[in-house]
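Encoded as structure tokens, the structure appears first; notes follow it.
In this text, all values refer to a predicted model and were calculated from it rather than measured experimentally.
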Number of protein chains: 2
Amino acid sequence: MTDRVVRPAARQRRRPTKQGVVLSEELIVETALRLIEEHGADALSVRRLGRALGADPSSLYRYFRHTDDLMLAIADELIGRTLRTWRPTGDWRADLRDLGMRMHAGALAHPRAAVLSSYRVTGRGYEIQAVETILGVLRGAGFPDAEAVRIYHAFVDQALSFGALDAAGAALPRAAREAETAVWRAKYGRLPADTHPHIAATARHLVADMRHSSYPVALDLLLSAAEVRLTEIRGRPEA
Amino acid sequence: MTDRVVRPAARQRRRPTKQGVVLSEELIVETALRLIEEHGADALSVRRLGRALGADPSSLYRYFRHTDDLMLAIADELIGRTLRTWRPTGDWRADLRDLGMRMHAGALAHPRAAVLSSYRVTGRGYEIQAVETILGVLRGAGFPDAEAVRIYHAFVDQALSFGALDAAGAALPRAAREAETAVWRAKYGRLPADTHPHIAATARHLVADMRHSSYPVALDLLLSAAEVRLTEIRGRPEA
DNA sequence: GACCTTATGACAACACCGTTGACCTGTTAA
DNA sequence: TTAACAGGTCAACGGTGTTGTCATAAGGTC
């Protein structure tokens, strides 16, 4: 098969679909994001997307090689949106906390795309910009180069991996998600103290805590530890 | 529909399939794990699993309500394997570090299953055992109940999510994985200092660091922060 | 050993999925 | 005016999870 996808710049003959819609890469990505937001991650299929656009499903293959391609385009758009709304203040810890929370929220808003894009290095514009900015925050705070890189790496991977983890949970069909909270309440909440003393003693906290993401806690722990390291380093600058 | 699944204890008539296989929950889970490892997560479908077992796909619905049920059984088996080889020593920090590293290694050993199972609560035997044990370590160390639960949650999610992240990377086709390291070396390693000063200054560290998992660093940061919290709590026991 | 109940495996069908090769037609450039 | 072809459409392929129905062999009872 010769490639059916044409690069956007080369597009010229904008013929509307039978239902009168003029397709474009942007319109498809936008519609896909809307579909995910409105009807859950399961709602995103080539056929449903085609229906939502008012076009034959196969038309989409003129714009994306396959579904994965579409996902990456969506992911790229998401990175851009996250970064675009972030303004560093100069307080390194507050800035990183804000950025981490934004990345996490972005992932939750678009679970399907987040899961796919979390473990890929794109090497594209927005990603490079993010690396440069975060490294700048850390070095500006006084972390030596090697340490800055180590903490950058842990920070980013933690944001991405928790984002993907929580996104995957959010992308579960509604029934499965409700089953999960039911498990915590019904199963862990009722274990007898003689066989499971620690669960029984903390059951109340467990049921309350496990329904939320642990990312904020994990993020604060990471930043706290980094801050401690920083004061140690400042104590002996030549370390 | 009356439920087609029968609890294992009640099973009595072990009739072999047409191809002579005697089905059981254990056999199904084992075969599913083997299938995932050998042919990738995509290879796991009810129909393929049936074929691999020598049974009609619909037979599996006598053992699992739906695919989701099966995934939970697989996840629990993985937890069990990790837990079985772990021996706590009484040093809470060392024990949690060891357990975290084991969970991470377990995920890497079964990348595709890890990705699928990381975000599910199984509510099954091994998982309950793991929760009880970790909570015991934390409470034994002196963390008050609410704090123990918070740290338990962050610790477990961190191990699972980094496990899934690194597993997903490891499960990439070889070509894609090599492309990723190439991006770091060729793209990030060569950015000019005037446009990207921070990346340029740390390029050497970046290229070296990004090829490894950041989990050990992230884990140590989390445990360090927890230790600090613990000494604070001990300072004022009634907090 | 014969008989009955019923658990359990098998079959066929349903509605969906991603993807592709062939076709048709409106837009555009010459 | 016309010819080329980008881009939308159609139909089909082989896959998916799931379920209603049926057949049969296992196990208990006599």
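Closest to the S59(A) side chain, of the nucleotides dG8(D), dA12(D), dT18(D), is dG8(D).
As rounded to whole Å, 12 Å separates atom P of dG17(D) from atom CE of M71(B). For R48(B) and dT18(D), the CZ to P distance is 16 Å, given to the nearest whole Å. One can place OH of Y61(B) at 6 Å from P of dG17(D), the figure rounded to the nearest angstrom. Atom CZ of R65(A) is separated from atom P of dT20(C) by 11 Å (rounded to the nearest Å). One can place CD of Q19(B) at 13 Å from P of dG9(C), the figure rounded to the nearest angstrom. To the nearest angstrom, C1' of dG15(D) lies 14 Å from CG of L44(B). If you measure from atom CG of L49(A) to atom C1' of dC17(C), you get 14 Å, rounded to the nearest angstrom. Here the P atom of nucleotide dT18(D) and the CZ atom of F64(B) are 13 Å apart, to the nearest Å.
When the ring-ring contact (aromatic ring centres under 6.0 Å, His included) test is applied to F155(A), no partner is found at least two apart in sequence or on another chain. Among residues two or more places apart in sequence or in another chain, the side-chain contact (heavy atoms from CB on, under 4.5 Å) test is passed with D157(A) by H153(A), F162(B), L165(B), S214(B). Remark: A43(B) pairs with H39(B), R48(B) by the side-chain contact (heavy atoms from CB on, under 4.5 Å) rule, at least two apart or across chains. Among residues two or more places apart in sequence or in another chain, the side-chain contact (heavy atoms from CB on, under 4.5 Å) test is passed with S58(B) by D56(B).
Between the side chain of R102(A) and the backbone N or O of T85(A), at least one donor-acceptor pair lies under 3.5 Å.
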Enumerate donor-acceptor pairs with a distance under 3.5 Å from any side-chain N or O in residues 198-207 of chain A to protein atoms, sequence neighbours excluded.
{"from": "H198(A)", "atom 1": "ND1", "to": "R139(B)", "atom 2": "NH1", "distance (Å)": "2.9"}
{"from": "T202(A)", "atom 1": "OG1", "to": "H198(A)", "atom 2": "O", "distance (Å)": "2.8"}

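Within the 4.0 angstrom heavy-atom criterion, base atoms lie near S58(A).
Close to dG8(D), at under 4.0 Å from its OP1 or OP2, lies a side-chain N or O of Y63(A). Residue K18(B) places at least one side-chain N or O closer than 4.0 Å to OP1 or OP2 of dC11(C). A close approach under 4.0 Å does not occur between any side-chain nitrogen or oxygen of S45(B) and OP1 or OP2 of dG15(D).
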Distances under 3.5 Å only, N/O to N/O: pair up the protein atoms with those of nucleotides 22-24 of chain D.
{"from": "dT24(D)", "atom 1": "O2", "to": "R15(B)", "atom 2": "NH1", "distance (Å)": "3.3"}
{"from": "dT24(D)", "atom 1": "O2", "to": "R15(B)", "atom 2": "NH2", "distance (Å)": "2.5"}

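Mapping D56(A) and R47(B) onto DNA chain D by nearest heavy atom places D56(A) at the nucleotide closer to the 5' end.
Counting heavy atoms from C-beta outward, W86(B) and M103(B) have side chains that stay 4.5 Å or more apart.
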